[in-house]
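In what follows, a structure is listed as structure tokens, so that the remarks can point back to it.
Just so we're on the same page: letters track the sequence lines, and every chain starts at 1. Keep in mind that the numbers below use all heavy atoms, side chains included, and drop hydrogens, waters and symmetry copies. Since the model is a prediction, treat every value here as computed from it, not as a measurement.
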Number of protein chains: 2
Amino acid sequence: MSHGDKALDPVNISEEEFLKTYDAGDYERPSVTVDMLVFTIRSGEQENYRKLAEPELGLLLIRRGGHPYLGQWALPGGFVSIDESLEDAARRELQTETGLDDIYLEQLYTWGDVGRDPRTRVISCSYMALVDSSELELQAGDDASDASWFRVEQKLIEEKRHIHERGRVTERRLQLILSNEDETEQLSAIVETKEKVEGRVRSGSVELLDVQGIAFDHAKIIHYALERLRSKIEYTDIVFNLMPEKFTLTALQKVYEIISGKKLLAAAFRRKMADWVIETGEYASSAGHRPSRLYRLNPDRETL
Amino acid sequence: MSHGDKALDPVNISEEEFLKTYDAGDYERPSVTVDMLVFTIRSGEQENYRKLAEPELGLLLIRRGGHPYLGQWALPGGFVSIDESLEDAARRELQTETGLDDIYLEQLYTWGDVGRDPRTRVISCSYMALVDSSELELQAGDDASDASWFRVEQKLIEEKRHIHERGRVTERRLQLILSNEDETEQLSAIVETKEKVEGRVRSGSVELLDVQGIAFDHAKIIHYALERLRSKIEYTDIVFNLMPEKFTLTALQKVYEIISGKKLLAAAFRRKMADWVIETGEYASSAGHRPSRLYRLNPDRETL
DNA sequence: TTAATAGTGTCTATGAGACATTATTCT
DNA sequence: AGAATAATGTCTCATAGACACTATTAA
């Protein structure tokens, strides 16, 4: 609390008077931006007329049209102007990028390392938005802009665990893979996470090792968002923001599976979801197998 | 992505060249600060030689020595300088305020509403630090500065729940009470939370209604931190950052209880903690009752 | 008929809540 | 002796995992 507090007599004037004479000073300030992680579920290939299409997790990226990282892909985002709140900036960005409004939005994390933007000091507040794919269909591919949806995958490459007397170190390397619709672009990054437990002190770090085609530190931000999504899907109802109004329980289960990276048993899954959904009475027009009930989210569900 | 990208020919020069000629521009930027929520556990009154002292949750606040909010209490914090990362700024602040280093630190949330600081536009990144009280004893009350520990309590005042056809609204009012050691200062705020569920859209808001003696929007930040602490205590091992090296299971349980606000059954609690702690072989010197084993954190515990 | 998915029933292991019981200490 | 906490045992209930089984459709 020092900058700018240089009014003549800081105490013996009224607050009103103080504010009138307050001078913010002209020391160097960082730029502040918002970065948007817009996720959706898109349906992938259908191998065979009977098999269900496997859903995929999609992320919206923008191709950079200028330096730095010219031609690479970045999270949509922009500067926060002086008279709008962070969330307003995030919603504005979302609106201009996807045309969508009234969407699930959650602040993720604020990235403030010094060298993260080679141009100047930029502090970036990241927001995660979850979009129902059916609404996006209406939107029709962002008129010729350089925005594109990428399929997101994470693969565990290596896991080392070293246990010593006072604690342990777990080191993981995973590959983040982003590929666009027609497979013309394949972006990737190796993310190395270290988790040290030493006595009571637990510390973690995340490093990017080999980044291909992803601008700035955005691969790290994407990794962070995936972690958040993965953990929140377990104890909240955010998944439903990714689902259309009506859905089958199998579709819901598959979304859980691609996000959590684990296979689930249908019986247990249905039991767990029973209180969260209501039957609509309608059925999904099916192909080659028993038709499935369509459910919708129970508006009166309990919070956990 | 517009500010500052006004190099003459943004594409047909090399990235290196671009960066050399890059001009960050002089549009108005917000100030960026970090706000620290330093929590610790302190032991309260001991009613009777036999009874155990009830632990309390303590929060470090600083009395404002200038306008605005002169004389009120605020979270310790300060401006992020242009050449330090957010976390560096947070650690620096922690060091100067408590003299402590190597402490659990977690980024909480970034507050960016337009009017939250009457002086100028300030975006504030909040960090939560958890400190073991035994280490603080050494530190001896911040030499005559205006820092002080406050006991934190939250009381639910009112809960309204309105269920309609497409969803429901839950409205809660709770009182946040902060009181310092000798009870000379009693700060408080009424926090009103609204949670709307309408179809699939879930939205929430938090408002401050009646703030007594707490500067800026800091009561809201404190409320947010308490929520985070309460939820994280359930599925992580952060509690141990609040405990001394050696502790009794009853002490640990009491810390769980004041943070979660719920009474726990000793038998179940001990079963749950069994994998997380190890016996030290030592016993707590006790008074008027059976002595209790001292445990320490199991460095080889599982992550959940 | 068959491949595939939809949906249910049941057994078991696990863990939490509830409560009772025994152990140990200092005044 | 008595008050207080420490620590363990046991019963019950709810839930998750595992797996088997039935139902239904389009080609």
Taking the six-membered ring for Trp, are A:Phe240 and A:Phe247 parallel (under 30°), tilted (30 to 60°) or perpendicular (over 60°)?
tilted

Between D:dA26 atom P and A:Tyr283 atom OH, what is the distance in whole Å?
14 Å

For the residue pair A:Ser179 and A:Glu185, establish whether any side-chain heavy-atom pair is separated by less than 4.5 Å.
no

Between A:Ala267 and B:Gly288, which is nearer to the 5' end of DNA chain C once each is assigned its nearest nucleotide?
A:Ala267

Could you tell me how far apart A:Lys262 (NZ) and D:dA16 (C1') are, to the nearest whole angstrom?
12 Å

Could you check which residues of residues 245-255 of chain A get a heavy atom under 4.0 Å from DNA chain C? Sort them by number, please.
A:Thr250

How many Å lie between CG on A:Leu265 and C1' on D:dA20, as a whole number?
12 Å

Between P on D:dT22 and CZ on A:Arg270, what's the gap in Å once rounded to a whole number?
18 Å

Do you see a donor-acceptor pair shorter than 3.5 Å between the side chains of B:Arg151 and B:Gln186?
no

Which residue lies toward the 5' end of DNA chain D, A:Tyr49 or B:Arg290, if each is placed at its nearest nucleotide?
B:Arg290

If every non-hydrogen atom of B:Gly44 is compared with every non-hydrogen atom of B:Ala53, which pair is closest and at what distance?
O-CB, 3.9 Å

Can you confirm whether B:Phe39 sits close enough to B:Leu226 that some side-chain heavy atom of one is under 4.5 Å from a side-chain heavy atom of the other?
yes

Is there a donor and acceptor pair, one atom on the side chain of B:Arg271 and one on the base of D:dT10, closer than 3.5 Å?
yes

Would you kindly give the CE-to-P distance between A:Met273 and D:dG17, to the nearest whole Å?
12 Å

B:His289 NE2 to D:dA7 C1': how many Å, rounded?
13 Å

Residue A:Glu183 excluded, over 12 heavy atoms near CD under 6.0 Å
yes

What's the closest nucleotide to the side chain of A:Arg50 if the choices are D:dT24, D:dA16, D:dA26?
D:dA26

Please output the side-chain donor-acceptor pairs of residues 254-261 of chain B that fall under 3.5 Å, not counting sequence neighbours, one pair per line with the distance.
residue, atom, partner, partner atom, Å
B:Lys254, NZ, B:Glu54, OE2, 2.8
B:Glu257, OE2, B:Gln253, NE2, 3.2
B:Glu257, OE2, B:Leu264, N, 2.9
B:Ser260, OG, B:Tyr256, O, 2.9
B:Ser260, OG, B:Lys262, N, 3.2

Rounded to whole Å, the CH2-P distance (A:Trp276 to D:dT15) equals 14 Å

For A:Arg50 against A:Asn48, the heavy-atom pair lying closest together:
N-OD1, 2.6 Å

Distance under 4.0 Å to a non-hydrogen atom of chain A counts as contact; along DNA chain C, which nucleotides mark the start and end?
C:dT2 to C:dT10

To the nearest angstrom, the CG-P distance between B:Asn48 and D:dA3 comes to 11 Å

Mind listing the closest non-hydrogen atom pair of B:Leu108 and B:Arg228 along with its distance?
O-NH2, 2.6 Å

